[in-house]
2 protein chains.
Amino acid sequence: MAKRGPYGKGEAKRKEILRAALEVFADEGYRGTSLRKVAARCAISLPGLMHYFDSKEDLLTQVLRMRDEAAHARQEERGASLSYREIIKEGSGTPGLVELFVSMAAAASDPAHPAHAHFARRYPVLREQVVASLRSRMDTGTIRTGIVPAERLAVLLIAVVDGIQLQWLVDRSVDMRQAADDVMALLEV
Amino acid sequence: MAKRGPYGKGEAKRKEILRAALEVFADEGYRGTSLRKVAARCAISLPGLMHYFDSKEDLLTQVLRMRDEAAHARQEERGASLSYREIIKEGSGTPGLVELFVSMAAAASDPAHPAHAHFARRYPVLREQVVASLRSRMDTGTIRTGIVPAERLAVLLIAVVDGIQLQWLVDRSVDMRQAADDVMALLEV
DNA sequence: GTCTATACGACGATAGAC
DNA sequence: GTCTATCGTCGTATAGAC
C-alpha cells in the first residue's frame, strides 16, 4: 500500500529503519549498539537516519511501539484474548529485546523521556485487558474470588510477567512457562 | 576500623567515591549521569577516580554490592528475617536507585558484564532465603501448601517485587505496599 | 599507591550545502 | 531527503609527578 504524494518513500524508509533497529538490538543487545550501526544496515548515513527521528530515544520508543502494535494485531487476528501463558511467551526468547524493553522502562521513569507516554498508556491498557479476562473467569467460577479484587490482581499478574523476565535475563534456567502455570494454579478455586 | 598500612587512605577514598556515586544516581537518575560528575563531587580528577575502579560498569556494580551489603547488615542487626512488606520497601522510594538496579540487571544479562556475577549469585541466595521463610510458615500452617512448592513460589514472590518496582517507576500511583499485602493474602490458607 | 594532565576514539546531535 | 563536516561529551588509556 505504498502511499503516493510526498510521503510514500519516506514512510517506507522509516519502517525499514525501525525493522533494522529491531534486528540490531535483537542480535547485539541494547548495550553497545549505536545508531551508526543501524544506519549502516540501511545503507544510509547517520544524519540521514536522524532525518526520520528526533533522537535515539525517540527511535527506540517507536521500535517498542511497533512491537506492541504487531503483538496487538496478532492478537486481534486470532480473535480470542491471549492466555496468560501466551502473554508471558510474547516478549521472551529474544534476550536483546527483553533487555531493550526493561532498559526503556527504567529510562521512561523520567517524565521527559519520549517513552514515558508509551509506558504510561501501556500499563493501564494492559491492566484493563487482564481485569476483563479475570472477571469473566471469576463469573464462570474457575478462579478464586473474594480475596483480592480483579483490579489489584491484574497489577500482580503483570508484575510477575515483567519480574520473571528480569530474573530470566540473568539466570536463563528460570522456567517462565512453569511460573505462568504456577500463578494460574494459585488463582484456581 | 581504619586500616593501617598502605591501604588506609585508599580504602576510605574508595568508599567515599561509592557513596558519592550513590548520591548522584539517586539525585539525577541513572540516565545522563557521568563519571565526571561523580568525580567532581569527590573533588578529584576523572583519572584519579578511575584509579580505584576498572571501568564505569565496575564502579556501578560495586555500588549495587554496597547497597546489598548494607541491607543485609541491617537485616542481621535486627535479628529476625525480613517480612515481605519490608523487602518490597527496601529498594523503593528512590526512583534513581530503582532505575539503577533495573538497568544494571538488564545489562548484566551479558555474561561478560561485571555485574553478571553479582546478579547470578544474588538471585539464588535471595530464593533460598525466601524458601526458608516460606517453609517455616508452611510448617506452622499459616500458608497454603500442596499447590505450588516453596522453591517455585519463591521465584514468583521475587518476580512480583521486581515487577512491581518496574510498574511503579513509570506509574507512581501503583501501591507497592498494597501489592505486598495482596500477595500474602493469596498465600494464606 | 595516589593522583593530575593530556589525549584518543566513538557516541549522539546539529548546521548547512546539494 | 540526504549528504559532509563539525560539535561537545562520553568512557577510556597512557605518561608521569609525588
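Each chain gets a letter, A, B and so on, in the order the sequences are listed, and its residues count up from 1. From a predicted model like this one, the values you see are computed outputs, not experimental measurements.
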> What residues form a side chain to side chain contact (heavy atoms under 4.5 Å, CB included) with Thr142(A), not counting sequence neighbours?
Replying inline: Arg137(A), Thr140(A)

>> From CZ of Arg36(B) over to C1' of dA7(C), roughly how many Å is that when rounded to an integer?
In response: 11 Å

> How far apart are the C-alpha atoms of Arg74(B) and Glu77(B), what are their side-chain angles, what is the distance that settles it, and do they pass the salt bridge (Lys or Arg N to Asp or Glu O under 4.0 Å) test?
Replying inline: CA-CA 5 Å; Arg74(B) 236 175 299 134; Glu77(B) 184 184 285; over 6 Å; no

> From dT2(D), dG11(D), dT2(C), pick the nucleotide closest to the side chain of Lys9(B)?
Replying inline: dT2(C)

> Starting at CZ of Phe53(A) and ending at P of dG12(C), how long is that distance when rounded to a whole Å?
Replying inline: 14 Å

> Tell me, which of residues 37-48 of chain B have any heavy atom that sits under 4.0 Å from an atom in DNA chain D?
Replying inline: Leu46(B), Pro47(B)

>> What is the distance, to the nearest angstrom, from the NE2 atom on His113(B) to the P atom on dG11(D)?
In response: 13 Å

> Which of the following nucleotides, dC10(D), dT2(D), dC3(C), is nearest to the side chain of Tyr52(A)?
Replying inline: dT2(D)

> Any idea which of dC10(D), dG12(C), dG1(C) is nearest the Leu35(A) side chain?
Replying inline: dG12(C)

>> List the residues meeting side chain to side chain contact (heavy atoms under 4.5 Å, CB included) with Arg121(B), not counting sequence neighbours, and say none if there are none.
In response: Val125(B)

>> Could you tell me how far apart Leu59(B) (CG) and dT12(D) (C1') are, to the nearest whole angstrom?
In response: 14 Å

>> Within residues 13-23 of chain B, which residues have any heavy atom lying less than 4.0 Å from an atom of DNA chain D?
In response: none

> Taking it one step at a time, do Glu11(B) and Arg14(B) satisfy salt bridge (Lys or Arg N to Asp or Glu O under 4.0 Å)?
Replying inline: CA-CA 5 Å; Glu11(B) 192 58 20; Arg14(B) 209 185 68 91; 3.4 Å; yes

>> From CG of Leu49(B) over to C1' of dA5(C), roughly how many Å is that when rounded to an integer?
In response: 16 Å

>> Listing request: all ring-ring contact (aromatic ring centres under 6.0 Å, His included) pairs with a residue in residues 111-134 of chain B, at least two apart in sequence or in separate chains.
In response: Phe101(B)-Phe119(B)

> Any salt bridge (charged side-chain N to carboxylate O under 4.0 Å, His left out) pairs touching residues 24-35 of chain B, not counting sequence neighbours?
Replying inline: Glu57(A)-Arg31(B), Asp110(A)-Arg31(B), Asp27(B)-Arg41(B), Glu28(B)-Lys37(B)

> Does a side-chain N or O from His51(A) land closer than 4.0 Å to OP1 or OP2 of dG1(D), or not?
Replying inline: yes

Using atom types as modelled, flag every donor-acceptor pair under 3.5 Å from a side chain in residues 145-158 of chain A to any protein atom, sequence neighbours excluded.
unit_1	atom_1	unit_2	atom_2	d
Glu151(A)	OE2	Arg135(A)	NH2	2.4
Arg152(A)	NE	Asp182(B)	OD2	2.9
Arg152(A)	NH2	Asp182(B)	OD1	2.8

> On DNA chain C, nearest-nucleotide positions of Gly32(A) versus Asp54(A): which is more 5'?
Replying inline: Gly32(A)

> Between atom CZ in Arg31(B) and atom P in dC10(D), what is the gap in whole Å?
Replying inline: 14 Å

> Could you give the CG-to-P distance, from Asp58(A) to dG12(C), as a whole number of Å?
Replying inline: 14 Å

>> Does a side-chain N or O of Ser34(B) approach OP1 or OP2 of dC10(D) to a distance below 4.0 Å, or not?
In response: yes

>> According to side chain to side chain contact (heavy atoms under 4.5 Å, CB included), who are the partners of Asp58(B), at least two apart in sequence or on a separate chain?
In response: Phe53(B), Asp54(B), Ser55(B), Gln62(B)

> ring pair (Phe, Tyr, Trp, His ring centres under 6.0 Å) with Tyr30(B): which residues, sequence neighbours excluded?
Replying inline: none

